[in-house]
Number of protein chains: 2
Amino acid sequence: MSIEPVERGSKVYLEIVKQLRNMIEQDGLTPGDKIPSERELCERLNVGRSSVREALRALELLGLIETRRGEGTFIRDFRSNQLVQLLGTFVLQDTKAKQDVIETKYLIELDCLRLILRRNNEKQLEELKDWIESCEFTDDQFFIKIVELADNHLFYRIWSILNDYYDALKLPKMERKDPFYSSIVQALRGGNEADVLRAYYSLRKLSND
Amino acid sequence: MSIEPVERGSKVYLEIVKQLRNMIEQDGLTPGDKIPSERELCERLNVGRSSVREALRALELLGLIETRRGEGTFIRDFRSNQLVQLLGTFVLQDTKAKQDVIETKYLIELDCLRLILRRNNEKQLEELKDWIESCEFTDDQFFIKIVELADNHLFYRIWSILNDYYDALKLPKMERKDPFYSSIVQALRGGNEADVLRAYYSLRKLSND
DNA sequence: AAGTATACGTGGTCTGACCACTAGATGGGG
DNA sequence: CCCCATCTAGTGGTCAGACCACGTATACTT
């Protein structure tokens with residue numbers, strides 16, 4: 001369990017990050033669970049406490065763990081935004097990067113719509129229709145439903161991250177425009193890809209190309 | 001310049017992250033530039049070196065800075081940040097769903113093809129045509145070119161990760177089938193999306209649906 | 001039994017020490 | 001004069017120990 005003494009070039013704190021990942025995986029730890037204390041990690045891994053802390057602080061900044069003074073360190077729900085606001089202030093001034101975020105988010109939303117078409121689950125679409133007719137909802141909430149319906153966990157993860165970025169960019173948020181969402185859902189139920197795309201483009205105010 | 005002694009609840013290392021951000025902004029530092037040494041930061045900010053290091057290590061893990069032993073700490077090109085990579089390794093650990101990996105990889109490849117169509121850069125497509133006619137190449141190599149041409153850095157990162165996972169899944173690798181690649185490129189040059197999709201589906205042996 | 005006081009474990013921070021490495025200054029030999 | 005080996009100062013990398021602040025569980029008092 002101890003960290004190899006042979007860490008040529010590699011840094012101890014990175015080794016610790018790895019070990020933590022393994023530890024989480026092996027013990028099947030999930031958000032909310034407690035991980036060993038800093039001092040215990042020192043002993044188990046045969047490293048200094050400062051190195052352990054460097055690893056933990058880095059993971060904390062990433063939003064992957066959460067520390068509570070006097071209590072301990074806990075695994076956090078990944079989808080929290082911590083890193084996002086940070087990157088927002090730090091990184092994403094780059095216009096090209098901004099553009100990439102927007103572009104990627106939209107394209108993945110389109111992919112999810114296509115996936116839903118492919119899955120062709122009428123019952124779920126029916127429920128979606130009932131939902132949009134009965135509730136108030138934001139653009140985010142609508143597309144969360146969409147991405148969930150697409151039933152691809154990777155897309156769900158990626159989209160969540162992109163959406164957080166998007167928020168961090170402080171771009172003008174879509175205001176709710178029910179008819180567009182309705183027409184998307186209707187097109188989905190119709191099963192015609194071209195209609196779905198057209199409805200989506202209208203919502204996003206993009207040219208259909 | 002010193003850190004407020006009133007950091008109720010706030011953690012010193014987070015304060016330092018903030019200060020670094022300001023410092024970078026004010027001094028107009030750009031990728032490649034050197035930031036003050038750890039010991040100098042201690043003095044300027046009136047904090048312990050360990051706290052400074054916690055901040056720097058966190059930023060390093062985020063890929064925002066780069067440290068070289070014996071030289072110093074430098075600002076890094078954000079665009080190549082390993083954030084997605086990192087989240088990937090943490091997030092994907094439980095999501096080995098083969099199907100998702102394959103599906104996502106293919107859909108992103110399709111998105112990239114669409115992006116290329118949209119960019120409509122004839123010269124680059126010309127070069128691509130020359131390349132496939134003059135070289136031996138693998139499926140990976142071909143799509144690396146494609147993803148690069150799509151000119152969306154996020155997609156590039158995501159695709160790279162997915163490709164790694166794809167490899168890890170030990171799925172049967174595509175053997176090289178020149179005519180398929182040729183027809184994709186030709187369709188791209190023709191500018192007709194339907195043709196491109198058809199060519200891609202043929203390569204991947206998917207139903208056109 | 002309830003409330004309070006104490007002890008313990010935890011993260012948070014600082015200090016000082018040492019190592020490994022790099023680059024620039026130094027100095028000697030050609 | 002130049003070139004190369006050497007030394008030195010500065011840098012990041014790591015560790016150990018000390019304290020503090022905070023939360024909790026325990027034991028004690030009432």
Side-chain angles (χ1 to χ4, degrees), chain A residues 1-20 23-24 29 31-76 82, chain B residues 1-20 23-24 27 29 31-76:
Chain A
M1 176 51 89
S2 119
I3 293 209
E4 315 303 322
V6 209
E7 304 138 8
R8 32 181 140 286
S10 176
K11 307 182 185 184
V12 171
Y13 91 97
L14 288 176
E15 262 326 295
I16 297 176
V17 169
K18 268 191 201 167
Q19 292 291 329
L20 280 171
M23 208 174 292
I24 291 173
L29 300 183
D33 290 347
K34 191 168 179 295
I35 67 180
S37 76
E38 297 180 353
R39 287 167 177 90
E40 185 180 342
L41 286 172
C42 301
E43 286 191 7
R44 296 215 339 219
L45 302 175
N46 275 316
V47 295
R49 192 176 157 213
S50 48
S51 293
V52 169
R53 282 187 59 82
E54 286 177 11
L56 291 178
R57 261 3 87 214
L59 293 179
E60 185 182 52
L61 194 64
L62 271 173
L64 298 176
I65 61 174
E66 178 184 3
T67 58
R68 296 199 283 271
R69 189 192 214 132
E71 298 181 58
T73 305
F74 304 83
I75 300 192
R76 192 169 166 177
Q82 191 70 11
Chain B
M1 178 52 89
S2 117
I3 293 212
E4 316 303 323
V6 211
E7 304 139 8
R8 306 250 166 276
S10 176
K11 306 183 185 183
V12 171
Y13 91 96
L14 288 176
E15 257 334 289
I16 298 175
V17 169
K18 268 191 201 168
Q19 293 290 329
L20 281 170
M23 208 174 291
I24 291 174
D27 301 357
L29 301 182
D33 290 347
K34 189 169 181 295
I35 67 180
S37 76
E38 298 180 352
R39 288 169 177 88
E40 185 179 342
L41 286 173
C42 301
E43 285 191 9
R44 296 210 345 217
L45 302 176
N46 274 317
V47 294
R49 192 176 158 216
S50 49
S51 294
V52 169
R53 282 187 59 82
E54 286 178 11
L56 291 177
R57 264 357 91 215
L59 293 179
E60 185 182 52
L61 192 64
L62 271 172
L64 299 177
I65 61 174
E66 177 184 5
T67 59
R68 296 200 282 272
R69 190 194 213 127
E71 298 183 59
T73 304
F74 305 84
I75 301 190
R76 193 169 165 181

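Below, all heavy atoms of this structure are taken into account, side chains as well, without hydrogens, waters or symmetry copies. Within every chain, numbering begins at 1; the chains are lettered A, B, ... in the order of the sequence lines, protein sequences first and strands thereafter.
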Problem set entry | B:Arg49 CZ - D:dG13 C1' separation (whole Å) | 7 Å
For this session: Quick one: pull up CD1 in A:Ile35 and CD in A:Glu40 and give me the separation to the nearest 0.5 Å.
Result: 10.5 Å
Exercise. When you measure from every atom of DNA chain C, which of residues 32-40 of chain A have a heavy atom less than 4.0 Å away?
Worked result: A:Ser37, A:Glu38, A:Arg39
For this session: Write down the distance between OH (A:Tyr13) and C1' (D:dG13), rounded to a whole number of angstrom.
Result: 11 Å
For this session: Measure across B:Tyr13 and B:Ala55 and return the closest heavy-atom pair with its distance rounded to 0.1 Å.
Result: O-CB, 3.5 Å
Exercise. Over how many whole Å does the gap from A:Leu41 atom CG to C:dG9 atom P extend?
Worked result: 17 Å
Exercise. Ion pair present between B:Arg49 and B:Glu38, side-chain N to carboxylate O less than 4.0 angstrom?
Worked result: yes
Seminar exercise, completed: Rounded to whole Å, the CD-C1' distance (A:Glu60 to C:dT13) equals 14 Å
Problem set entry | Whether over 12 other heavy atoms sit under 6.0 Å from A:Lys34 NZ | yes
Exercise. Do you know which two heavy atoms are closest between B:Gly48 and B:Cys42, and how far apart they sit?
Worked result: C-SG, 4.0 Å
Exercise. Is any side-chain N or O of B:Ser51 closer than 4.0 Å to OP1 or OP2 of C:dC14?
Worked result: yes
Problem set entry | A:Leu61 CG - C:dG11 P separation (whole Å) | 18 Å
Problem set entry | Nearest-0.5 Å distance, CG of residue B:Leu64 to CG of residue A:Leu61 | 8.5 Å
For this session: Give a yes or no on whether a donor-acceptor pair under 3.5 Å exists between the nucleobase atoms of D:dG12, that is its base, and the side chain of B:Arg57.
Result: no
For this session: Remember a base hit wins even if backbone is also touched, and classify A:Ser50 as base, sugar-phosphate or nothing at under 4.0 Å, heavy atoms.
Result: base
Exercise. If only side-chain N and O atoms of A:Arg53 are considered, is one of them under 4.0 Å from the OP1 or OP2 phosphate oxygen of C:dG12?
Worked result: yes
Problem set entry | OP1 or OP2 of D:dT11 under 4.0 Å from side-chain N/O of B:Thr73 | no
Seminar exercise, completed: From CD1 of A:Ile16 across to P of D:dT14 the rounded distance in Å is 8 Å
Exercise. Hey, what do you get for CG (B:Leu56) to CD (A:Glu54), rounding to the nearest 0.5 Å?
Worked result: 9.0 Å
Problem set entry | Sugar-phosphate only, base, or nothing, as touched by A:Gly70 at under 4.0 Å among non-hydrogen atoms | base
Problem set entry | Rounded distance (nearest 0.5 Å) linking atom CD1 of B:Ile16 with atom CZ of B:Arg44 | 12.5 Å
For this session: Assign A:Thr67 to base, sugar-phosphate, or nothing according to its heavy-atom contacts below 4.0 angstrom with the strands shown.
Result: sugar-phosphate
For this session: Kindly say whether, by distance alone, the side chain of B:Arg69 makes a donor-acceptor pair under 3.5 Å with the base of D:dG10?
Result: no
Detail all sub-3.5 Å separations between protein N/O atoms and N/O atoms belonging to nucleotides 3-6 of chain C.
none

Seminar exercise, completed: To the nearest angstrom, the NZ-P distance between A:Lys11 and D:dG12 comes to 10 Å
Exercise. Nearest-Å distance, CG (B:Leu14) to P (C:dG11)?
Worked result: 16 Å
Seminar exercise, completed: So CG of A:Leu59 and CD1 of A:Ile75: to nearest 0.5 Å the spacing works out to 10.0 Å
Exercise. Using 4.0 Å as the upper bound for N to carboxylate O, is an ion pair formed by B:Glu60 and A:Lys11?
Worked result: yes
